[in-house]
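In what follows, a structure is listed as structure tokens, so that the remarks can point back to it.
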2 protein chains.
Amino acid sequence: MKLTTLDALLIFLVGHKSQSGYDIRQLFQSTPLGMFSDSPGSIYPSLARLEEHELLAGSTESGGRRRRSYKRTAAGQKALAAWLEWPLERDPRKRRSGEVELRFVIMADALGAARTVKFLDEVDTAYSDQLREIEAFMGGAGAQMNEASRAANDLGMRTIRLHIEWCREMKKKMGRRS
Amino acid sequence: MKLTTLDALLIFLVGHKSQSGYDIRQLFQSTPLGMFSDSPGSIYPSLARLEEHELLAGSTESGGRRRRSYKRTAAGQKALAAWLEWPLERDPRKRRSGEVELRFVIMADALGAARTVKFLDEVDTAYSDQLREIEAFMGGAGAQMNEASRAANDLGMRTIRLHIEWCREMKKKMGRRS
DNA sequence: TCGTCCATGTAACGCGTTACATGATTTG
DNA sequence: CAAATCATGTAACGCGTTACATGGACGA
């Protein structure tokens with residue numbers, strides 16, 4: 001079963017303590033995780049799918065309000081680890097925003113510092129390649145673009161540089177303790 | 001008809017000179033615009049839809065290779081202007097990446113510097129609000145997060161600050177000539 | 001007990017993705 | 001002419017979105 005980014009996030013979230021769909025919706029509304037939709041039509045079907053494939057174990061609590069909470073299974077743990085090993089989409093233009101950060105957090109939690117440093121290395125390389133490509137484009141064909149387009153690309157380049165910088169800081173920081 | 005981001009981009013692209021689906025695919029492959037899919041299954045149906053609604057006018061050229069190219073209609077121009085006026089999704093976590101930049105470029109081209117400065121103002125405000133929210137969160141509930149999560153949020157905040165900075169530079173630059 | 005919130009779902013719909021299909025036209 | 005490439009589509013599928021539906025628990 002091919003996990004979506006949301007699937008992976010859900011499996012991650014119920015790992016430490018079991019949570020319900022409603023808990024997760026609250027989380028998405030109130031934290032920077034909210035890049036994912038908090039709509040019931042997105043979360044509940046995903047949870048149901050994951051339970052069907054036995055990557056999560058659901059249990060309906062009796063007493064008080066009706067409430068179905070989930071926890072991660074061993075198979076879920078394996079699936080999450082497999083998701084982490086999937087090759088990262090090389091082209092940053094195609095990655096959904098926040099995906100790198102999400103992978104980073106899950107990986108640091110699940111696989112430890114050494115593996116995460118390796119991941120940061122890949123990300124650094126991917127961003128650096130992309131940056132060189134854009135710089136080359138701007139020096140060549142892109143030079144004739146209008147001012148607004150050049151400005152937008154400038155923002156893009158600065159954003160990539162920021163991410164590269166962050167990667168390198170993280171590599172240093174995590175390398176010291178692995 | 002509610003335009004998708006891709007729709008708006010297509011209408012914009014065929015505005016200055018008429019282009020075919022193939023031209024646009026090439027563009028998406030070779031430029032930073034490639035945040036959009038260059039797959040035929042995405043571009044051709046969208047072009048067909050837009051032609052059906054008469055926002056684009058298609059014409060099959062005779063002679064040489066079979067080739068259907070599109071140009072913007074007056075209705076297309078109006079629809080694009082209407083798209084620009086749609087309220088920007090306030091929550092930056094929900095915006096697809098690159099949407100602000102795309103709007104900026106199209107707006108600068110279609111509506112001129114004064115309106116674009118106003119747009120940059122809104123964006124600045126939205127980002128600043130969001131930044132304050134995250135900072136508050138990090139000072140409160142978020143303080144107990146693990147190190148990796150804090151680092152990811154730190155990247156998020158830095159990215160927002162970069163965007164705010166860019167907005168203000170652009171406002172200054174464009175304000176001088178409007 | 002009446003409304004409001006809690007909590008979970010479902011149905012319809014549209015778009016994007018992947019994969020496949022089709023011909024026509026250069027190129028060697 | 002054979003092969004590669006140009007150029008446009010289409011069919012199946014899945015996920016996310018929006019909107020609607022349900023029903024129990026809690027507060028006034």
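Chain letters run A, B, ... following the sequence lines, proteins first, then strands; residues in each count from 1.
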Problem - Interatomic distance, B:D38 CG vs D:dC6 P [rounded to whole Å] - result: 14 Å
Completion exercise
Separation of C:dC15 atom P from B:L10 atom CG, nearest Å, is 13 Å
Practice task
Report which part of the nucleic acid B:S39 touches: base, sugar-phosphate, or nothing (heavy-atom distance under 4.0 Å, all strands).
Solution key: base
Practice task
Check the distance between C:dG16's C1' and B:L50's CG and give it to me in whole angstrom.
Solution key: 15 Å
Problem - Whole-Å gap separating C1' (D:dA7) and CD (B:Q19) - result: 15 Å
Handout entry: side-chain contact (heavy atoms from CB on, under 4.5 Å) against B:T4, all qualifying residues, sequence neighbours excluded
Key = B:L6, B:D7
Handout entry: Minimum heavy-atom distance A:P45-A:P40, with the two atoms named
Key = CD-O, 3.3 Å
Practice task
Establish, yes or no, whether the cationic atom of B:K2 lies under 6.0 Å from the six-membered ring centre of B:W86 and within 45° of the ring axis.
Solution key: yes
Problem - d(CZ, B:R96; P, D:dC15) in whole Å - result: 19 Å
Problem - Centroid separation A:W83 to A:F12 less than 6.0 Å - result: no
Problem - Rounded distance in Å - NZ (A:K2) to P (D:dG16) - result: 13 Å
Handout entry: Protein-nucleotide distance (A:D7, atom CG; D:dC15, atom P), rounded to Å
Key = 7 Å
Handout entry: Sub-6.0 Å ring centroid separation between A:W166 and A:F104
Key = yes
Problem - Partner set under side-chain contact (heavy atoms from CB on, under 4.5 Å) for A:S149, not counting sequence neighbours - result: A:M145, A:N146, B:V105
Problem - Rounded interatomic separation in angstrom, taking NZ from B:K94 and P from D:dG16 - result: 14 Å
For nucleotides 3-13 of chain C, list the nitrogen or oxygen atoms of the protein found under 3.5 Å from its nitrogen or oxygen atoms, one pair per line.
from: C:dC6; atom 1: O4'; to: A:R65; atom 2: NE; distance (Å): 3.4
from: C:dT8; atom 1: OP1; to: A:R68; atom 2: N; distance (Å): 2.8
from: C:dT8; atom 1: OP1; to: A:R68; atom 2: O; distance (Å): 3.2
from: C:dT8; atom 1: OP2; to: A:Y22; atom 2: N; distance (Å): 2.7
from: C:dT8; atom 1: OP2; to: A:Y44; atom 2: OH; distance (Å): 2.9

